[in-house]
Amino acid sequence: MKLNTASEVISFTKKLEEDSAEFYKELSQRYVKDEDIFLSFVKENKKNIIQVERAYYGVISDALEGCFSFNIDPAKYSLKTELGEKASYSEALERAMDIEEIIIKFYSDAAEQSKSYMADVPRAFKMVAKKRGNRQLTLKSLLGKEG
Amino acid sequence: MAILEEPIKEVEKLKNYINGEWVESKSDEILDIVNPATQKVISKVPMSTPDEVNEAITAAKEAYPEWRTTTPLARVRCLFRLKELLEENFEQLSRVQTQEHGKTIDESRGETRRGIEMVEVATGIPSLMMGYNLEDIATGIDEYVIYQPLGVFGHIAPFNFPFMVPLWFSPFAMATGNTFIVKPSPRDPISQIKLAELVDEAGIPPGVYNVVHGAADAATILMEHQDIKGITFVGSTKVGKDIYKKCGEVGKRVIAQTSAKNFMVVMPDADIAGTIPALMTSFFGNSGQRCLSGANLVIVGKDDSFYNKVLDAFVDTAAKIRVGYGLDESIQMGPMQSIDGKERALGYIEKGIAEGGKLLLDGRKARIIGDYPDACFVGPTVFSDVTPEMTIAKEEIFGPVASVMRAKDLDEAITIANRSNFGNANAIFTSSGKAAREFQYRVETGNIGINIGIVAPMAFFPFSGMKDSFFGVLHGQGKDVIRFFTESKVVVQRWL
């Protein structure tokens, strides 16, 4: 079922952030040498939720198209966060890259669909997408070190 | 998606809030407050006795002298605290609205936000209430204006925005130094009780803000009482006109914002993809129960293909609207607030069919998402081939019923719109600045949208209205309402 209302999309955003935070928490425990980096991602995820919710609650208006803003198919953004017990560090990082790719795509799509309705909300989505892009670079460099 | 948790879990009898105290009514007349989606009784509201309404007026009158002499800065500090408390309770306040009114959670949150914005703007009173002066109007003589509060004001609230509408007035009344009595709609008074709890917590002194439950009898007492300086009202034209007349006879100030029949004009150069969501919100948001709702969709041009394109997109999108309980986040349209409201809308649907309208989408057959009784639900309804003379094109339905008509050009569209008795909010959808300007210049309506479906003025602008949609001189919100709640004194001064 597609997500049409702003409320649904904000809840879905929260879920993506929480699910990916759980994933990075697990990486921090499994791959202790880069624990700080992964925990910083977890922290950043929490901030992302606050940023998006603040934008939504700050500009939501009965006069704007809150119930008709979006047409998001959640199936397109499902995250594979389970790691096999024997997954190597490289495999874990590749999985993280995939997750980031999906989340960036979600934020970009959500920003595009809401841009004519609530200025602050697409801006928040774009800013988080950008932060996620930076995270991808970090993951890429970790992957590079792994060879 | 899950259903969000309901904040009201137990049925309680509501109390009046008078002189900073929660007072149980002695009235035997008690109404049920029913969640329109679930049909469960969620609260009970007393119809206060005349003595209880008078007690509220006395409390407000007695609180006035001290509140009036409280500095504007101190008064707005109370409002700053109220604003913080409103933010802290944002989600609960929103869910209460959905539970007692039926609107979707996005709509309720939007209502909460706009209500808070009123409080925010009212905190600017130390600047907004300033007078003005001119030195040397004659040699050594200066002249200046000061704005002063007047006393006790009453508000008679509607059911369609149970949280926000009283806030169009109360923060401004209090910030300017007046005292205030709210009579909430007996259909959904819980939001105002939640607000009063926060007013109390914010430290607004006893008697400055009062809530008294009741229906027409309580409203009449407020209108007729000599200690009430003015009345603010939002509701039907019939009642608004009556209030305006009665208050005028005894010299009370009035803001009466009343019924509407709004026209949404779609020009051939409109961006259809961008227009349709705005039209959905306009016609079907809040289940059509708002004075800013679109009611008549006028598609302009002689080109049949454009007409059909807009009409098809409008009907197709409306048919897909998810109707159900507003606490389900996926729901785009809730029930009507009452069985009476639904009956009224159904009556107009029958009338539309009888008068020759072509029923393209029948809301009587709407699918309701979830297992809820259909007592108050009406789905999006669309009539085409409507003419301006038909009842459904002229009278306010206050439900999710759209009447589609055609106009050969902008001139004809404006003529049709101006023939309406109402003048609340009309909008044009176009990419032409020239067409938009002409529409703005000629259309007889207080609020005008240009590519905007719900023309809701922000807190710092007046909520305008004309013709049978407004009775009074100054409007709610913005500078208008500050003038409404103050008297201007002119001083001409010479020191010898």
Side-chain angles (χ1 to χ4, degrees), chain A residues 1-19 46 49-79 106 108-125, chain B residues 1-2 4 87 90-91 94 97-98 103-117 160-161 163-164 271 273-282 284-286 290 292 317-318 320-322 326-334 369 425 447 449 451-458:
Chain A
M1 197 183 82
K2 300 272 182 75
L3 308 181
N4 298 121
T5 71
S7 184
E8 279 181 298
V9 172
I10 298 303
S11 292
F12 185 68
T13 306
K14 194 174 173 185
K15 188 174 180 317
L16 285 182
E17 291 290 349
E18 285 171 350
D19 287 352
K46 283 181 189 159
I49 294 171
I50 292 168
Q51 187 171 359
V52 171
E53 285 191 337
R54 191 177 286 158
Y56 164 70
Y57 282 103
V59 298
I60 181 76
S61 162
D62 66 294
L64 295 172
E65 295 82 357
C67 292
F68 303 97
S69 309
F70 298 96
N71 188 26
I72 297 269
D73 180 0
K76 279 170 63 182
Y77 313 101
S78 68
L79 306 180
F106 164 75
S108 305
D109 291 346
E112 183 62 26
Q113 289 182 22
S114 59
K115 72 177 178 189
S116 60
Y117 309 124
M118 294 177 271
D120 296 30
V121 174
R123 194 178 306 136
F125 283 145
Chain B
M1 283 289 161
L4 300 173
E87 295 289 359
F90 189 103
E91 187 62 11
S94 303
Q97 290 159 48
T98 296
K103 59 185 68 188
T104 69
I105 189 63
D106 273 313
E107 289 169 341
S108 293
R109 288 172 185 156
E111 180 174 348
T112 307
R113 175 53 57 209
R114 289 176 68 81
I116 292 173
E117 284 166 4
N160 60 336
F161 286 90
F163 175 78
M164 174 184 74
D271 168 0
T275 298
I276 293 298
L279 293 178
M280 290 302 112
T281 298
S282 182
F284 307 118
N286 218 37
R290 60 178 159 200
L292 296 172
T317 313
K320 287 178 193 146
I321 288 176
R322 288 172 60 83
L327 284 180
D328 175 340
E329 287 184 296
S330 74
I331 293 303
Q332 294 169 289
M333 193 179 113
I369 310 290
N447 305 292
N451 297 313
I452 294 287
I454 291 291
V455 195
M458 297 294 285

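So you know, we letter chains A, B, ... as the sequences are listed, proteins then strands, and number each from 1.
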Inset, instruction - Give the member of B/Arg290, B/Met164, B/Glu111 that has the highest number of heavy-atom pairs under 4.5 Å with chain A. - result: B/Arg290
Just distance, no hydrogens or angles: give the donor-acceptor pairs under 3.5 Å from side chains in residues 70-78 of chain A, sequence neighbours left out.
{"residue": "A/Asp73", "atom": "OD1", "partner": "A/Ala75", "partner atom": "N", "Å": "3.1"}
{"residue": "A/Tyr77", "atom": "OH", "partner": "A/Asp109", "partner atom": "OD2", "Å": "2.5"}

Inset, instruction - Before giving the answer on side chain to side chain contact (heavy atoms under 4.5 Å, CB included), spell out for A/Lys2 and B/Lys320 the whole-Å C-alpha distance, their side-chain angles and the decisive distance to 0.1 Å. - result: CA-CA 12 Å; A/Lys2 300 272 182 75; B/Lys320 287 178 193 146; over 6 Å; no
Inset, instruction - Ignoring hydrogens and angles, tell me if any N or O in the side chain of A/Thr5 forms a donor-acceptor pair with the backbone of B/Gln332 under 3.5 Å. - result: no
Inset, instruction - Report the distance from atom CD1 of B/Ile105 to atom OG of A/Ser11, rounding to the nearest 0.5 Å. - result: 10.0 Å
Legend entry - Spatial distance of atom CD (B/Glu107) from atom SG (A/Cys67) [nearest 0.5 Å]: 4.5 Å
Legend entry - Pairwise distance CG(A/Asn4) to CE(B/Met280) - rounded to 0.5 angstrom: 12.5 Å
Inset, instruction - Under 4.5 Å heavy-atom distance to chain A, tell me which part of B/Arg114 shows up: side chain, backbone, both or neither. - result: side chain
Inset, instruction - Supply the atom-to-atom distance A/Tyr57 OH to B/Glu91 CD, rounded to the nearest 0.5 angstrom. - result: 4.0 Å
Legend entry - Closest-packed option against chain A by number of heavy-atom pairs under 4.5 Å, given B/Arg322, B/Lys103, B/Glu117: B/Arg322
Inset, instruction - Go through the atoms of B/Ile331 and report whether side chain, backbone, both or neither lie under 4.5 Å from a heavy atom of chain A. - result: backbone
Legend entry - Within-4.5 Å side-chain heavy-atom neighbours: B/Asp106 and A/Tyr56: yes
Legend entry - Residues B/Arg113, A/Val59; criterion side chain to side chain contact (heavy atoms under 4.5 Å, CB included); working and verdict: CA-CA 7 Å; B/Arg113 175 53 57 209; A/Val59 298; over 6 Å; no
